[in-house]
Amino acid sequence: MALLEIIDVHAYYGHIHALKGVSLTVDEGEIVTLIGANGAGKSTTLKTISGLLRPRHGAIRLAGEDLVACRPHDIVKKGVSQVPEGRQVFTRLTVQENLEVGAFTRSDPRAIAEDLEQVYTLFPRLKERRNQVAGTLSGGEQQMLAIGRALMARPRVLLLDEPSMGLAPVLVDAIFEVIERLHREGTTILLVEQNALKALQVADRGYVLQTGQVVLADTAEHLRLNEDVRRAYLGIT
Amino acid sequence: MPGIRVARRITGTDVAIWVTGAVLITIVVVGSVSTLASGRYTVRHWVDFLVAGLANGSVYALIALGYTLVYGILRMINFAHGEVFMSGAFTSYFLARSLEQSGMLNARPVVSILLLMALSMATSTTVAVLLERVAYRPLRRAPRLVPLITAIGASFFLQYTFRGLYGSGVRGYPQPAILDGEWGVGAMRILREQVLVIIAAALMMVLLYRFVQRTRTGKAMRAVAEDKEVAALMGIDVDRVIVITFAVGAMMAGVAGVLYALMFGQVRFFMGFLPGIKAFTAAVLGGIGNVPGAMLGGIFLGLVESVGPTLFLDGLGIPAPNQLKDAIAFSMLVLVLIFRPTGILGERLAGKKA
């Protein structure tokens, strides 16, 4: 059984039919990527998994447990953490407070302190700036904070929404290195990316989304070689 | 296009604002100088004014915290907050009277005052939490004007509920004998009730500040204030945090209610109106949404209201300047809104969605 299953999910923004029967699965330890153009429904899919948007139809399950009926904070408690699009760190909280809020669902102070150290090992920059307000961090540092904050919940599945958006190329590489490292350490990741080339390089499998529907599902390698994908998303003719 | 200098056009409004500002500053300066030069008031008078202002301001600050906490999280002015304050004070009146009749009020004054505060806090909290649940939560997604009007309606509802239950008359709030009289320190003398008010308010504010800064719930409150959706993604139950915010603000108002009733020796169904509006003014003065701002704004308003009338107006030959203290308080609000719309400690809400 897949760790995260999304089965025939339909979701709406008002009258706009944003997801028209999306199905996908993520297995334990995998990186799965969702690629597609703007407005294809990638972020909407993540929002629906996190419970910010309620699907009108379809099922979402984590290790067989239904998530559709849960409220967003319960979904986090069950083990799904999201790094939202555009980073969205709490700018008026300090770096350390952001990370502490990330561990809000947990109550064992010792394990939390250990994970805090681990995040600081992963992102030494954050440790240097632990008492600074997050609003003073650069875009790249904020993205690292957003990822670290989500890791503090010790998620079973990490949802990453456009982690490379708006970052300089060097920082994009740094972020993808972190994603690969998390993968090696066994974190299960569902990655939404505009940068399809990068995403398909780190992912095990991928789904191509078009106007709210999955039009292609394959291993990342096959997708990378697929003519249509190359033309439409990788900018290679 | 090169070579074009963009000069800010000076409009009639700007001129009117400058003239108003200049006139007010002239009045304040001329008035203050001639008041001080007249020598009618001694240092002791000014100390009295300052201490009274500090005591009043502490009460405003406590109430203002309720406005600012709720605004910080919901971007909504809870105009029924004055009535949250009133309901606590009014309910504690009945306990105060029975404590007085049993002799407990004077035999064990400290315990009595703590009991009064506990009851007042409990009542205020219950009222505020019910308000949130019944009147505001169903309107969370409505346009911003809707909960505002609802709040005004809730305010009237509470006022006239208390009026219906207990009548419109003023009721004398019993005072423990220990609060009669004054303490002198050198040339200074301070009314005992003012000492109680200032110390109790300061203690509550320190507790609140530490709660918001240090505790898990306080951090969650700040996270929710910044972005509810992202806070939910951290596993924070946003609805619960909102209820806690209303409750915490109401506890402050509950304490303020007892302090106010002890200071003025009376309660009435309408007693929440003016302190409520003043505290709202204080919250705006300090920068609404900002916790230290509300404390500072309250104390500042109390001081201006107490010292201002005599200092600014007495020297100008205006009779009974104290009658104008509300005019001075609200002029402060207008001035701040004109010259510093974000308040003393307020920050511009840059970039982030409000």
**OP:** Over all heavy atoms of both residues, which pair between A:Phe104 and B:Ala220 is shortest? Give the atoms and the distance, please.
**Re:** CE1-CB, 3.6 Å

Original post:
Take atom CZ in B:Arg216; do more than 12 heavy atoms of anything else shown fall under 6.0 Å from it?
Top reply: yes

**OP:** Nearest 0.5 Å please: distance from the OG atom of A:Ser50 over to the CD atom of B:Glu229.
**Re:** 9.5 Å

Original post:
Given the options A:Lys77, A:Lys47, A:Glu100, which has more heavy-atom pairs under 4.5 Å with chain B than any of the others?
Top reply: A:Glu100

**OP:** Answer yes or no for B:Arg222 and A:Phe90: cation-pi contact, defined as NZ/CZ to six-membered ring centre under 6.0 Å and angle to ring axis within 45°.
**Re:** no

Original post:
Is there a side-chain contact between B:Met234 and A:Met152, using heavy atoms and a 4.5 Å cut-off?
Top reply: no

**OP:** Below 4.5 Å from any heavy atom of chain B, which atoms of A:Leu52 appear? Answer side chain, backbone, both or neither.
**Re:** side chain

**OP:** Give a yes or no on whether the backbone of A:Arg92 and the side-chain of B:Glu226 come within a donor-acceptor separation of less than 3.5 Å.
**Re:** yes

Original post:
Going by heavy atoms in the side chains, are B:Leu233 and A:Pro84 under 4.5 Å from each other?
Top reply: yes

Subject >> Identified side-chain contact (heavy atoms from CB on, under 4.5 Å) partner of A:His73 from the options B:Asp237, B:Ile236, B:Val238 >> reply: B:Asp237

Subject >> Student check: side-chain heavy atoms of A:Asn98 and B:Lys219 closer than 4.5 Å >> reply: no

**OP:** Evaluate whether atom CZ of B:Arg133 has more than 12 neighbouring non-hydrogen atoms of other residues, nucleotides or ligands under 6.0 angstrom away.
**Re:** no

Original post:
Any chance CZ of B:Phe157 has more than 12 other-residue heavy atoms, nucleotides or ligands included, within less than 6.0 Å?
Top reply: no

Original post:
Got a sec: does the CZ of B:Arg210 have more than 12 other heavy atoms crowding it under 6.0 Å?
Top reply: no

Subject >> Residue A:Phe176 excluded, over 12 heavy atoms near CZ under 6.0 Å >> reply: yes

Subject >> CZ/B:Phe330: more than 12 non-hydrogen atoms of other groups inside 6.0 Å >> reply: yes

